[in-house]
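Contents: one structure, followed by commentary.
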Amino acid sequence: MSDDPARWTRATVYPDMWTDPDDDPRDSEGPGPDGELATLQDFLTNYRLTLRMKCEGLDAEQLARRSVPPSTMSLLGLLRHLAEVERDWRNWISDGEPLPKLYGERDADFDGAVAEQAVVDAAYADLEREQGATDAALAEHPDLGERLGKDGTAVRELMVHRVEEYARHCGHADLLRECVDGRVGQ
């Protein structure tokens, strides 16, 4: 007998998918967005939704579980990490003093991801707040070629990095979730 959870999905039309296409909030009919900025924003929005979908339906213990040893990664840790990263990205484009870390020293985003509902609720609130603040800061700079901050980071570079960061962590979330309860990703 194995401790590994059986693989499963909520999809019924395509059983190898996370969810049926008609129920997927990321999929839309019609043409994609026009323009580079709108395309980058669309991809970012969809990866953000994907991460939330990977965390849906889990309790605090499951979200905090480090299900792929020896990694310290957990779904809750990913939520906290991405909140921290969103804040750090604002530091990239600022000329002022850097914003302080949300969770403290290096790896505190993962180390502090403990199985308490208050920590889960705070992580979701932190992520939403930091995403909104970074989105608002970047909305003031619609020219993707504009260089910002002390290091002259191009808005385009930051937008692509945001998409890459969420995409990479959605891949981690696929593996973490499957190990927690067997649900497979798409």
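Remark: R52 does not engage E56 in a salt bridge, criterion side-chain N to carboxylate O under 4.0 Å. The pair E84-R80 fails the salt-bridge criterion, with no side-chain N (NZ, NE, NH1 or NH2) lying under 4.0 Å from an Asp/Glu carboxylate O.
For the residue pair T134/R90, the side-chain donor-acceptor check at 3.5 Å is satisfied. In this structure, a donor-acceptor pair under 3.5 Å is present between the side chains of E86 and Y166. Side-chain contact check for H81 and E165: at least one donor-acceptor pair (N or O, by modelled atom type) lies under 3.5 Å. With 3.5 Å as the limit, one finds a donor-acceptor pair spanning the side chains of D121 and Q117.
With D107 contributing its side chain and F110 its backbone, the two residues share no donor-acceptor pair below 3.5 Å. Side-chain N or O atoms of D143 include one that pairs as donor or acceptor with a backbone N or O of G145 at under 3.5 Å. Side-chain atoms of R66 do not come within 3.5 Å of backbone N or O of S74 as any donor-acceptor pair.
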Could you go through residues 91-99 and list every donor-acceptor pair under 3.5 Å that involves a side-chain atom there, pairing it with any protein atom two or more places apart or in another chain?
| from | atom 1 | to | atom 2 | distance (Å) |
| --- | --- | --- | --- | --- |
| N91 | OD1 | L99 | N | 2.6 |
| N91 | ND2 | L99 | O | 3.4 |
| S94 | OG | G96 | N | 2.9 |

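H169 contributes atom NE2, which lies 13.5 Å from atom CG of D174 (distance to the nearest 0.5 angstrom).
The 12-atom threshold is exceeded at OH of Y103, counting heavy atoms of other residues, nucleotides or ligands nearer than 6.0 Å.
With sequence neighbours excluded, the residues satisfying side-chain contact (heavy atoms from CB on, under 4.5 Å) with S71 are M73.
In the hydrophobic cluster analysis, where Ile, Leu, Val, Met, Phe, Trp and Tyr join through side-chain heavy atoms closer than 4.5 angstrom, L79 is grouped apart from L175. The hydrophobic cluster containing L148 also contains L40, counting ILVMFWY residues as joined when their side-chain heavy atoms lie under 4.5 angstrom apart, directly or transitively.
Ring planes of W89 and H161: perpendicular class, angle over 60° (limits at 30 and 60°).
Between L76 and the choices D109, V114, L63, the side chain to side chain contact (heavy atoms under 4.5 Å, CB included) rule is met once, by L63.
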